[in-house]
Amino acid sequence: MAMDKTYQPHAIEQSWYKTWEEKGYFAPQGGDDSYCIMIPPPNVTGSLHMGHGFNNAVMDCMIRYNRMQGKNTLWQPGTDHAGIATQMVVERQLAAQGIDRKDLGREKFLEKVWEWKAESGGNITNQIRRLGSSVDWSRERFTMDEGLSKAVEEVFVRLYKEDLIYRGKRLVNWDPKLHTAISDLEVENKDKKGHMWHFRYPLADGVTTQDGRNYIVVATTRPETMLGDTGVAVNPEDPRYKDLIGKFIELPLVGRRIPIVGDEHADMEKGTGCVKITPAHDFNDYEVGKRNKLPMINILTFNGEIRAAAEVFNTNGEASNDYSTELPQEYAGMDRFDARKAIVAKFDELGLLDEVKDHDLTVPYGDRGGVVIEPMLTDQWYVRIEELAKPAIEAVENGSIEFVPKSYENMYYSWMRDIQDWCISRQLWWGHRIPAWYDDNGNVFVGRSEAEVRQDNNLGDDINLRQDNDVLDTWFSSALWTFSTLGWPENTEELKTFHPTDVLVTGFDIIFFWVARMIMMTLKFTGEVPFKKVYVHGLVRDQEGQKMSKSKGNVLDPLDIIDGIDLESLVAKRTSGMMQPQMAAKIEKQTRKHFPDGIAAHGTDALRFTFLSLASTGRDVKFDMSRLEGYRNFCNKLWNATRFVMESIGHTDEAPLSADAIADLNNGDVDLSLADRWIISRLQQAEKEVIHALDDFRFDHAAQALYDFVWNEYCAWYLELSKPVLWSDESTDAQKRAARRTLVKVLEATLRLAHPMMPYITEEIWQTLAPIADTTQLSQNGETIMLAQYPQYDESKVDAQAETDIEWLKGVITGIRNIRADLGIGPGKPVKCLFKNGSDDDQRRLQANTNFLKAMAKLEDITWLNAGDKAPLASTALVGKMEVLIPMAGNIDAAAEISRLEKALEKNQKELDRVAGKLNNPKFTDKAPADVIEKEKAKLAEFEDAAAKLSEQLEAIKAL
RNA sequence: AGUCGCGUAGCUCAGUUGGUUAGAGCACCACCUUGACAUGGUGGGGGUCGCUAGUUCGAAUCUAGUCGCGACUACCA
């Protein structure tokens, strides 16, 4: 291993990944306990964003951690076909060549989609590799694979046979741009400013209202739908209008005669109290229509344009002659929003526009197409969900599935307990085609294949059958992900071994879309939960807290953070292929502001460590470039610590340590120093903390504990403390060997501890270090850190004495450094030092650490003062009760020392007052537990002692 | 409107069952190129823990209210 002065991630990452993959380290390795995570399948034709990066960092950390603990570990990758999104992309590509999907035909179009999948599919898998994710590529799955498609058919057929899937003409959320129904989850409600139009509807047959008007006024936010009105509702209790129930309206523009009905939906307090009813274009009206047996009139095409002729249905959704299909021709073919303007104008012209008010309203948009959703009367397939939801709720209630953090369980319950039937058909071509066939009479047959359908229903070849044109919602197949990918409906070995899986790692935004549906489907078909735990993480946001999205132009490709990207390329990347090209200028400006110098290369480990350190329980993960930089530096720190260790044991690439030298290092006599015992003890603590944090899904704590240990203990103190031993001629061989062995062994264990979080750098270093540390036996073959044993906390190596002694040492050194800084004595200048008022313990510590102290505080001389010994005039630091004195020989600034002492005294006094106040309060001394009172008393004594010593010192100097 | 979450240093975030002198990283200031690392070292400044009440001997932590932000659900004639 050639060791550059700084860590160069790009030099090692890809080759290590290749090695791991080729050697098959990612595949399950056997063992009694299994551990399995299924990757949330990303869109096969998409590309990974920061959210995926985060997600992968967490999953890989858990997988590597469990693998190193010897579990039979499977992390299974895969992608989904993302019906709407993928079809849209391919349609747009074709449109660019002037080709329309419909001209191409279904078969040809699907060929194009498969081609595109083949072309872009490698993108995601490449990204996953670059993130270092140790997924088992041999088991990669795709939702449209043959096996999974079989599972989808099987599930559909079984649900249908149990009457849990049905087909019906109902009002659905229709996307007029994408020409498909979508589920209510795919609807995004946005607040908009709009208007409320008040229309006069003339009463028929000469009827008048109580106050003598020959019309009533209805209010609407969607005037164009009036063409489909089949009634007006008033509240049956409403004194103003109840007499009108049963009377009729002469619908303007259309001349349709429609009834006034009484329905509690009409709120006397709201609007005018009269509500126009358009059952075919409004979810509430649909219900009102059903209750009052009003016909349904569809006036819109699937494009959202006004039809030339309406479609009239009775209340059961059957075609009917209740009304004429005639519509005013002037609106035919007009877009719904243009028609709105035209119709309002017409009402105005006719003197029927009563009033227009500004109105805030929530408008439904399709989350993919981005256009306003239209409630539309269509035939669709539904899953009857209530029966499936019940056991799924219980599984969480009884703890079979646990959400982490727990608070997400409430979110889950609130949705599950008020769940609506799931519209699963989509008017697309790309997806799992619905396994239903129709004969010429419109009878429907469901089965695994046409042949099966014919056989089961005794349908001869003379009977014409055609398959349903629609496909299933992508989430329908995703819902089967955990078990369909393991071979279900066969009862495979994999299924037996790895199902239920252990953890699902996902963002809260798809709890309803995916998590809940997986739980329902998996319980139904396997009788098992899909996973035991759901780790829910926040959404990755940009530095301004905005959700990252292509349309906002603030997305980041994790690879650009790993490899770096220059500003121009980043701008180009963000502004290309946009749905709304007019945003480009804004995005460019924003990008130039946030990344004036582009993005530097940071390496995978730094990126992963950043994600993990941000993985707390919050709902947002604001990605912070400066933290990323900090963790890149952390990698460099680890790298350079290794350089120091290598140098100190005399190992280089050119002249590696000989086998004899290694044997000597590991087996020769050692005389452990206090520092050696201390760092070994601290390592145990670090291991304990990291393991505890990982078991608890607190990746931020795990990262913090590791960072702290490596930087603030191993590097900042232990490495420094090893230098005097290694560099002194007075050290014995056993002492030097002890330091070297400790340097090596602690670093080696730290690498294993860190590996799940930062796989590359740890592997790179471990390869060289493990043979030297003679710890290859901790790995089954010594070939890779990936399969080495995860460190275990060893209580017997905890050394409390060493820990307190080193704390003392650090206190003395810090005290002296403080004096140096405050008095302007440069760190290079040797000083004398005296110890006053020390206890036996202090003396023992001093004797044991003279070398350390002299080296680290740059002391030329140390003197121990016994009681009664005369101390020179000096600057003082307190370590417990002991005073550390740096004599103020000659030119030292007395004023500086006075101000230093006064400041210290003031600070001390504040604390002293606070504690004294507490102890003087009888309420506290009466009620607080004894140990708390003892603690406070001890503090008080300490502060008082310090006050006395500081004032004494102050007086002495002032007396000069 | 309802439910939930959040509000701690300039920024990004920790803070375990109420008892620490409220922490970390980054940024900032001063000093230092000493034989792992300037992607470094040493020292330092910076917080009345959104606000107000309350419970308690004691509240960043518990309760109620309030303000602000966000998410979700519902309604919107």
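Computed from heavy atoms alone, side chains included, the values below leave out hydrogens, waters and symmetry copies. In what follows, chains carry the letters A, B, and so on, assigned in the order in which the sequence lines appear, proteins first and then strands, with residues in each chain numbered from 1.
- Cation-pi contact between A:R417 and A:Y413: present, with separation from the ring centre below 6.0 Å and deviation from the ring axis of at most 45°.
- For A:R643 (side chain) and A:L638 (main-chain N/O), no donor-acceptor pair under 3.5 Å exists by modelled atom type.
- In this structure, of B:A71, B:G44, B:C72, it is B:A71 that holds the atom nearest to the side chain of A:F508.
- B:A64 and B:G2 are spaced 16 Å apart, taking the P atom of each and rounding to whole Å.
- Here the separation of B:U56 from B:U63, taken at their P atoms, is 16 Å to the nearest Å.
- Taking atom C1' on both nucleotides, B:A22 is separated from B:U48 by 13 Å, rounded to a whole Å.
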Strictly under 3.5 Å: I want the nitrogen or oxygen pairs between protein and nucleotides 25-30 of chain B, one per line.
unit_1: B:C26; atom_1: O2'; unit_2: A:S626; atom_2: OG; d: 3.4

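- Atom CD of A:E906 has 12 or fewer neighbouring heavy atoms from other residues, nucleotides or ligands inside a 6.0 Å radius.
- Distance A:I886 CD1 to B:U42 C1': 15 Å, rounded to the nearest Å.
- Annotation: A:F54 is not in aromatic contact with A:F623 [ring centroid separation under 6.0 Å not met].
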Produce the list of close N/O pairs, under 3.5 Å, pairing protein atoms with atoms of nucleotides 33-35 of chain B; give distances to one decimal.
none

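- Separation of the P atoms belonging to B:G23 and B:G44 is 13 Å when rounded to the nearest angstrom.
- Residues passing the side-chain contact (heavy atoms from CB on, under 4.5 Å) test with A:A739 are A:D676, A:Y718, A:V725, A:L726, sequence neighbours excluded.
- Every residue meeting the ring pair (Phe, Tyr, Trp, His ring centres under 6.0 Å) condition with A:Y631, not counting sequence neighbours, appears here in chain and number order: A:F609, A:Y707.
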Name the atoms and distances for all side-chain donor-acceptor pairs under 3.5 Å in residues 217-227 of chain A, with sequence neighbours left out.
unit_1: A:T220; atom_1: OG1; unit_2: A:R222; atom_2: N; d: 2.9
unit_1: A:R222; atom_1: NE; unit_2: A:E224; atom_2: OE2; d: 3.4
unit_1: A:R222; atom_1: NH1; unit_2: A:E374; atom_2: OE2; d: 3.2
unit_1: A:R222; atom_1: NH2; unit_2: A:E224; atom_2: OE2; d: 3.3
unit_1: A:R222; atom_1: NH2; unit_2: A:E374; atom_2: OE1; d: 3.2
unit_1: A:R222; atom_1: NH2; unit_2: A:E374; atom_2: OE2; d: 2.5
unit_1: A:E224; atom_1: OE1; unit_2: A:R340; atom_2: NE; d: 2.9
unit_1: A:E224; atom_1: OE2; unit_2: A:R340; atom_2: NH2; d: 2.9
unit_1: A:T225; atom_1: OG1; unit_2: A:R222; atom_2: O; d: 2.8
unit_1: A:T225; atom_1: OG1; unit_2: A:K276; atom_2: NZ; d: 2.7

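- Ring geometry, A:W639 versus A:Y7: the interplanar angle falls from 30° to 60°, so the pair is classed tilted.
- Nucleotides B:U8 and B:G25 place their C1' atoms 15 Å apart, quoted to the nearest Å.
- Listed nucleotides: B:C57, B:A74, B:G43. Nearest to the side chain of A:N189: B:A74.
- Under the salt bridge (Lys or Arg N to Asp or Glu O under 4.0 Å) criterion, A:K927 pairs with no residue, sequence neighbours left out.
- Aromatic ring orientation, A:F644 versus A:W727: perpendicular (interplanar angle above 60°, classes split at 30° and 60°).
- Looking at which nucleotide of RNA chain B each of A:N921 and A:R632 is closest to, the 5′-most match is held by A:R632.
- Close to B:U12, at under 4.0 Å from its OP1 or OP2, lies a side-chain N or O of A:K622.
- Straight-line distance between the C1' atoms of B:G50 and B:C67: roughly 8 Å, to the nearest whole Å.
- Between the C1' atoms of B:A24 and B:G15, the separation comes to 11 Å (whole Å).
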Practice item. Begin from the C-alpha positions of A:K939 and A:E936 and carry the test salt bridge (Lys or Arg N to Asp or Glu O under 4.0 Å) through to its verdict. Key: CA-CA 5 Å; A:K939 270 193 234 167; A:E936 292 298 317; 3.1 Å; yes

Between the protein and nucleotides 14-20 of chain B, list every N/O to N/O distance that falls short of 3.5 Å.
unit_1: B:A14; atom_1: OP1; unit_2: A:S616; atom_2: OG; d: 2.1
unit_1: B:A14; atom_1: O3'; unit_2: A:R698; atom_2: NH2; d: 3.4
unit_1: B:A14; atom_1: O3'; unit_2: A:H701; atom_2: NE2; d: 3.4
unit_1: B:A14; atom_1: O2'; unit_2: A:H701; atom_2: NE2; d: 3.1
unit_1: B:G15; atom_1: OP1; unit_2: A:R698; atom_2: NH1; d: 3.0
unit_1: B:G15; atom_1: OP1; unit_2: A:R698; atom_2: NH2; d: 3.2

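- A:E807 is linked by a salt bridge (Lys or Arg N to Asp or Glu O under 4.0 Å) to A:K810, counting only residues two or more places apart in sequence or in another chain.
- Residues that satisfy the side chain to side chain donor-acceptor pair (under 3.5 Å) test with A:D358, not counting sequence neighbours, are A:H195.
- For B:A36, the OP1/OP2 oxygens have no side-chain nitrogen or oxygen of A:N636 closer than 4.0 Å.
- The nearest whole Å value for the distance from the CD1 atom in A:I419 to the P atom in B:U73 is 13 Å.
- Residue-to-nucleotide contacts include no donor-acceptor pair under 3.5 Å from the side chain of A:K5 to the base of B:C37.
- Residues from residues 219-235 of chain A lying near RNA chain B, meaning a heavy-atom separation below 4.0 Å, are A:A219, A:T220, A:T221 in numerical order.
- Judged purely by atom type and a 3.5 angstrom limit, A:D238 uses its side chain to pair as donor or acceptor with the backbone of A:R240.
- Between the side chains of A:D700 and A:S613, no donor-acceptor pair is found at a separation under 3.5 Å.
- A distance of about 15 Å separates the P atoms of B:C51 and B:A59, rounded to the whole Å.
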Study note, to complete from the structure: Each base of RNA chain B marked ( ) or [ ] if paired in-strand (Watson-Crick or G-U under 3.5 Å), | if paired to another strand and . if unpaired gives (((((((..((((.....[...)))).(((((.......))))).....(((((..]....))))))))))))....

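- Proximity of a side-chain donor or acceptor of A:N818 to a complementary backbone N or O of A:T814 within less than 3.5 Å is detected.
- Heavy-atom nearest nucleotides on RNA chain B were determined for A:M196 and for A:D620, and the one closer to the 5' end corresponds to A:D620.
- Looking at the side chain of A:T362, the nearest of the listed nucleotides B:G41, B:C72, B:C76 is B:C76.
- Close to B:G44, at under 4.0 Å from its OP1 or OP2, lies a side-chain N or O of A:N818.
- In this structure A:V363 satisfies the side-chain contact (heavy atoms from CB on, under 4.5 Å) test together with A:K192, A:L361, A:Y365, A:V372, sequence neighbours excluded.
- Ring orientation note: the planes of A:F403 and A:Y412 are tilted relative to one another, at an angle of 30° to 60°.
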